[in-house]
Enquirer: 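Structure provided below as structure tokens; questions to follow.
Computed from a predicted structure; not experimentally measured.
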Amino acid sequence: MRADIMEKIVSLSDGERIPELQQYLSSLTDDQLTTVVTNSALKGKSIGAMVKSIFKGSLPSAPEGASRRLLLYQHCIPLCESGDLQTEVASDIIGLLMLETHNLPGPSLAQLASLFVDAIKLGKMGSGKSLELFPTVLTALAATEALSYGKELSKSSSIPLFFALIYRQVSSELQFLVEKVLRMFFKLDLQEIPPLVYQLLLLAAKGCKKQVLEGIISYFKEQDLRQKEEQKDGESMDVEVQSIPQDQLRHVEGTAILHIVFAVRLDQELGREFLKSVKVPDTLSRTLCPFSIALLLSVARIQRYEEQLFDFLKGAITKGFKDEQLQQGSKFLQDLLPQRCSFAQMILDTVKNSVFGWDHVTQGLVQLGFILMDAFGPKAGPFGKTATEGANATAKTPTQQACRLGGQVLLEGFKMHEPIRGEILEQVLNRLVTKTASPVTHYIDLLSDIVVSAPMILLESSSKVTETFDHLSYLPLATVQGLLKAVQPLLKVSMSMKDALILVLRKAMFSSQLDGRKSAVTGFLLLLKNFRVLGSMASSQCTSALSFMYSSHYEGISIGPFTCDLSCAQVQVDVHSRYNSAANEAFCLEILSSLRRCLGQQADVRLMLYEGFHDVLRRNSQLASSIMQTLLSQVRRYYEPEQDLLPPVKLELCIGAQGDQVFLQEPLAHLLSCTVHCLLWYQGMRRSARPNAGGSDDDDDDDDDEEGGFQNELQSILESITRRMIKCELEDFELDKSAEFSLSSVGVKNSIYAMLVMGVYEVLIEYNFTKANYSKSLFEELLELFSRYNKLSEILKEKSGKGKSSKSPRSLLSMGFVSTLLTALFRDSAQSREEALLVLRSSGDFLRYAVSVALQKITQLEETGHTDGPDGQNTDKTFHHLCDITSVLMWRYTNIPCAVEDAGKKEKRCSVSLLCLEGLLRIFSTGQQRYPARVAQLLSAIGSDHGPGNASVTEKTAFYIRQFQRALFTQLSGGEEDFNSKEAQLLVNILSVLSRQLEPSSQQFVQMITWTVKICKETSFEDVAFSKGLLSLLFSVHVLYKSPVSLLWELCQDIHSQLGDIDQVPTATDRTLLVLSQVGKVLDEVDWLITKKKGQLVPDRLSSDDTTQAAGQQDPVEKALTLQLGTLLTALNELVQTALPSGVCTNTLLGELSRTYTILTTLVKYYIQLCSGQQGLLPARVEKLVKLSGSHLTPQCYSFITYVQSGELAGGGADDKKKKKKEGEATATAKLLRETKAIPNLIYSIEQYEKYLITLSKKSKVNLMQYMKLSTSRDFRINAATLEAALQEHDNSQQEPEQSQEPKKKRKKQ
């Protein structure tokens, strides 16, 4: 029956008997028709002809035909999705349906669209084959009439691509569609994201560009966070929240970035929208993540966006560091705002993520790294000088942190990406060569890190390094030293690089430029240190042949253990395969012969040689004989062999002259210092090596015969010099009190002589102390040497200039010796040494000298990161000596306080205890700056006998803080006549430095604050410097505990009560300036918070959802802002009523008042913007703040302005000198006020504040102007009382001359 129906329908259609076909189809029921279609489709026979025949017999213009067509569509679509049909059959059916879709009427098309939506919604779209028909239906529907469709969108994860394809043709309800598709992202498989991103970007051409970009970035940000959390947990979560493989996620992110960059290239509007969105602070904070940074760097490769985006990144990085610094320095801000992931960390995460094939990002990373290093690197100071950060200095300022971030980006990029290594290396080397006028230490640090991390990789680019060597003669000496230290590991493994360097250094040795020759010496000494002759024994006797390469080849560089071990293994294998002992020995002896030529050059060149010989000897002991012979021959030139002649050295040979100009030719003191240190080290090394020499007695005897010669001769020379220098008087050097030390040639010659003689005395002091073995007689000789040194030093101080504090010359004593000497003088309690040490301890001048030299060494270490003398560049040994010195100074100060030491002494010299205290201050500051990771070790080394054992840094610090607190309390407990201001200031500064080591959340920190507040309240000494230091300490610790505004209020009240009201006579105070500076810091925090809140106010986010917030539910940040400003206004209200002295103090207060009103105006503008979408929601606290400012502060401000302006007219007195002095002060004050325009600025700020208050009143429907009073004070006002008094005085002065002239006229007439 069914087959008959099908055959009849097809035959009528083939015979073109359309009326009969229509009639026959009308006679069939819907069930019969659908059954015939189903059977035909299942059999796969004649289904195409069947569908065509039905369409022929169903005219779309007739209602019956249209309904039959719709029935066919409604039946065939589920039939194709059922999966019962063959693929070819289903495709044929869908193709026929697509051809006739445009003939359907609008209502039928709408019903079909609903059918598709319902099927998708219920998940009935199995194969999705019929979805090919959906776009055609929607297109036809849109062309006929505007009907409602698209209200329901699928939550299924199998058809997002089709939806995007569909709606590309649709412009209405675009935002609705974009929101739906973006919400679907989180329910899709990761592999389906890139094509959907591509289609969304195409869709963005019609609009919603910002929404599309933000949605894509937010999705990947969420995925990153989820992946990080799961990575931290260490195990996958539930099945529904299955962990995404990291590599898969990164590859998908890379593909999405490519799609977006491609779209931005083609669509400039999309690019502009992208730039706009990243520059909005709120949008940036919501979308900032490694993915968005990678996207920024990729888009930056497009030329038209390059400059803008890199400028934006540069500014955002520095702003991030500044915000982080501000937040870390304020407990108020830390509690108010959560700590977010830093921008810098996100950039470093982007570098790590780029290893997953993000080649389009790497170039931007390289460019960003160099931009940061170029823009924020160290700058040249006055006269081309730059502050030396030193090796272990930590980056403190935002610019330093940004520069370091650039170096980290380049270093990590170099490690991960082979294609960019050549470019990074080339650009670094180019900057070292071209930037001769500015410091390049940051590039040297980067190069050193690169060499340490991948020495073998760098050998592939050895030609670039070799090309740089050609410029060594023309580079600054500091650059040459850093460059050679950085690349020295490569010299071990590259014969060609080493040969190229030697050739360049030999040429430089004969350079006409002094820096060129100094560079040659630097290079040769570096080679001698590191190309060790096998068999050499280091001072530690256990240092491997390559230990220096990776332990201290460049200060401050730390490397991971894996990289270090791998690199060392690679290098060691290569060294032993290429070099042998004989080759290295010949090589080193050849270099030594080249260096001997330097002994005839300028003093600077010789000085470098003398300073480097000890390190060479310590690292390459087999060269001892050659080095010692060289030094001996040089000493002989200036040694007077005749034992009866004085002085024992030929100083005239150390001086050179060219015309009238006299200059140093030979740094004799440094020559002797080098000789002494080398000799002492060599003798110590021989003593330690002798017990280990087994049966080679004959060899030892031969060595003694060969080397004992120079040892004995040097010892006899030094003993002879010592003996005769003791006998010498200053007249023997022509340096008595009558000697001239002016800038004339004779004066310059005498100054050079004095420096040389003092240096020789210091070298002999160190040598004889070491050789004395605690002999009383020898210590007496040592004291004689010091007395000669001290006498000459006193003469130089007297002659240096009246009233000028001359800086003492840098001592030649080594850091190690200073540590040993101080320990012997203050801590050595051995009975056998007591008698000998008593000789030295009895001399107060010698004790002061020893501590002052230690202070000098510590200061040099703090400023430069190293010290002069042996092992001065060795960080570990220097730190060890620093610990020993700290222990001694702490013991000396705590056991012999200044009060005890100064009792009965009338001399004005600085006491030893005070010098010890100053040394401790320098040491604690140096420890925090140069050794931040080893502060605990430093504190532990102070002394285990009275310090905590295994305690935390906070506990150790608190222990020593209590000791210094007791010392300060003792100072304050005595009378004001016994008060030592300098000691008290030093103690306060030490407490300030140590308090930085306390954990702000610890109990010890709270105790520190409590004690400081107590001391501040109870102390009444009128010592300005001490009071300022104590207040600074109070503010520095209080700001890390809570907001200091309440403290400022109390202090302002105290200042008001001390100085009185503005109608009283003012008295000067410097403490007011300190309080005002703290007010400025509070204003900085408030301004920063308001800026943050304004950045979160985006117009399209002020939606109706936000307006439901009740007026009483004020935002926590806004509430804190209002309370801070309210307390601050109250504090300032106290100050503006205070009789402050005219000048800097009043001018500073006027400036802070002006800034306060400016910030109030900013806050008012914020609420104006907020109230634009929220009528009548002005918080009550804001209204109270406005009332406080208008009714309390503003009137007092105008009174204070009047007081300041009238201050210069006040005064007078009978004494003419006092009157002139006061007039001069008044003129200076008036000039200062005119220059800074502080008063007009304040008045303008108040008026701007009132202007915007009017606007806020209208927006919020709250009358805020009721609290404002009409201002009367102006710069151009006329004070009637003052004017009347001035006119009266003028009239009186005119009447007096008239009365005195009348008698004279009468006499003339007579």
Side-chain angles (χ1 to χ4, degrees), residues 325 328-329 389-397 400-401 404 552 555-558 815 819 822 854-855 857-867 874-894 916-965 967 986-1009 1012 1032-1033 1036-1037 1039-1041:
Q325 190 179 51
Q328 286 175 352
E389 289 185 22
N392 299 315
T394 54
K396 294 180 179 178
T397 64
Q400 290 174 337
Q401 291 174 315
R404 184 157 294 187
S552 62
E555 294 181 33
I557 303 304
S558 59
M815 184 84 163
S819 171
L822 289 177
L855 183 59
K857 295 290 181 184
I858 296 163
T859 304
Q860 185 186 9
L861 180 63
E862 182 183 15
E863 292 174 353
T864 64
H866 57 81
T867 60
N874 190 319
T875 308
D876 292 332
K877 289 197 174 185
T878 303
F879 181 75
H880 175 71
H881 296 321
L882 188 68
C883 291
D884 293 341
I885 293 174
T886 309
S887 175
V888 174
L889 296 184
M890 187 71 182
W891 183 92
R892 177 63 171 74
Y893 176 74
T894 52
C916 291
L917 195 60
E918 189 175 353
L920 288 171
L921 172 60
R922 289 290 182 186
I923 286 171
F924 292 137
S925 178
T926 303
Q928 289 185 3
Q929 182 179 352
R930 300 289 171 183
Y931 308 98
R934 304 172 74 174
V935 172
Q937 187 180 346
L938 178 65
L939 294 174
S940 300
I942 292 180
S944 57
D945 52 342
H946 58 281
N950 298 325
S952 65
V953 176
T954 296
E955 291 172 346
K956 291 175 183 176
T957 306
F959 177 82
Y960 295 109
I961 282 178
R962 286 194 292 273
Q963 293 200 25
F964 291 114
Q965 285 175 341
L986 287 172
L987 286 169
V988 169
N989 290 336
I990 288 176
L991 289 172
S992 180
V993 172
L994 287 177
S995 65
R996 298 172 200 159
Q997 294 297 324
L998 295 176
E999 186 65 36
S1001 59
S1002 64
Q1003 186 64 32
Q1004 291 87 348
F1005 190 82
V1006 178
Q1007 292 171 355
M1008 176 73 185
I1009 294 175
T1012 309
S1032 297
L1033 171 63
S1036 65
V1037 295
V1039 76
L1040 295 175
Y1041 179 63

Enquirer: Which atom names give the shortest non-hydrogen contact between Gly919 and Ile858, and what distance separates them?
Expert: O-CD1, 4.2 Å
Enquirer: OG of Ser887 to CG of Leu882: how many Å apart, nearest 0.5 Å?
Expert: 11.5 Å
Enquirer: Might you point out which heavy atoms bring Val935 and Pro932 nearest each other, and give the distance in Å?
Expert: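 Taking Val935 first and Pro932 second, the nearest heavy atoms are CG2-O, 3.6 Å.
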Enquirer: Might you point out which heavy atoms bring Ser940 and Lys956 nearest each other, and give the distance in Å?
Expert: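 Taking every non-hydrogen atom into account, OG-NZ, 2.5 Å.
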Enquirer: Answer yes or no: is there a donor N or O on one side and an acceptor on the other, between the side chain of Thr864 and the main chain of Leu861, under 3.5 Å?
Expert: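 Judged by distance alone, no pair lies under 3.5 Å.
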Enquirer: To check you understand the geometry: which heavy-atom pair defines the closest contact between Val1037 and Met1008, and what is its length?
Expert: CG1-CG, 4.4 Å
Enquirer: What are the two closest non-hydrogen atoms of Leu1040 and Gln328, and how far apart are they?
Expert: CD2-O, 3.7 Å
Enquirer: Between atom NZ of Lys857 and atom CZ of Arg922, what is the distance when rounded to the nearest 0.5 Å?
Expert: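 If I round to the nearest 0.5 Å, the distance is 15.5 Å.
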Enquirer: Check Ser1002 against Thr954 and note the closest heavy-atom contact, atom names and distance.
Expert: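 Scanning both residues, the minimum pair turns out to be OG-CG2, 3.6 Å.
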Enquirer: Take Leu939 and Ile942 through the test side-chain contact (heavy atoms from CB on, under 4.5 Å) and record every step on the way to the result.
Expert: CA-CA 5 Å; Leu939 294 174; Ile942 292 180; 4.1 Å; yes
Enquirer: Do the side chain of Gln937 and the main chain of Arg934 share a donor and acceptor less than 3.5 angstrom apart?
Expert: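 Absent.
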Enquirer: Could you measure the distance from the CE atom of Met890 to the CD1 atom of Ile885? Nearest 0.5 Å is fine.
Expert: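 Rounded to the nearest 0.5 Å, the CE-CD1 separation comes out at 15.5 Å.
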Enquirer: Which class fits the ring pair Phe879 and Tyr931: parallel under 30°, tilted 30 to 60°, perpendicular over 60°?
Expert: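 The rings of Phe879 and Tyr931 sit tilted, inter-plane angle from 30° to 60°.
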Enquirer: Could you measure the distance from the CG atom of Leu938 to the SG atom of Cys883? Nearest 0.5 Å is fine.
Expert: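 So the gap between those two atoms works out to 5.0 Å.
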Enquirer: Show, in sequence, the C-alpha distance, side-chain angles and deciding distance for His866 and Thr878, and conclude whether the side-chain contact (heavy atoms from CB on, under 4.5 Å) test is met.
Expert: CA-CA 8 Å; His866 57 81; Thr878 303; over 6 Å; no
Enquirer: His880 versus Asn874: any side-chain heavy-atom pair under 4.5 Å?
Expert: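 The answer is no, as the side chains (C-beta and beyond) never meet within the 4.5 Å cut-off.
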Enquirer: Using side-chain heavy atoms (C-beta onward) and a distance below 4.5 Å, is Leu998 in contact with Ile961?
Expert: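 In short, these two side chains touch, coming nearer than 4.5 Å.
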Enquirer: Rounded to the nearest 0.5 Å, what separates atom CG in Leu920 from atom CG in Leu994?
Expert: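 So the CG of Leu920 and the CG of Leu994 are separated by 9.0 Å.
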Enquirer: Could you measure the distance from the CG atom of Leu889 to the CD atom of Glu918? Nearest 0.5 Å is fine.
Expert: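 Spacing of CG (Leu889) from CD (Glu918) equals 11.0 Å.
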Enquirer: Might you work through the side-chain contact (heavy atoms from CB on, under 4.5 Å) test for Gln401 and Arg404, ending with a clear yes or no?
Expert: CA-CA 5 Å; Gln401 291 174 315; Arg404 184 157 294 187; 5.7 Å; no
Enquirer: Quick one about Ser925 and Glu862 (side-chain donor to acceptor, distance below 3.5 Å, no hydrogens or angles considered), yes or no?
Expert: yes
Enquirer: Are the side chains of Tyr893 and Leu987 in contact, using a 4.5 Å heavy-atom criterion?
Expert: yes
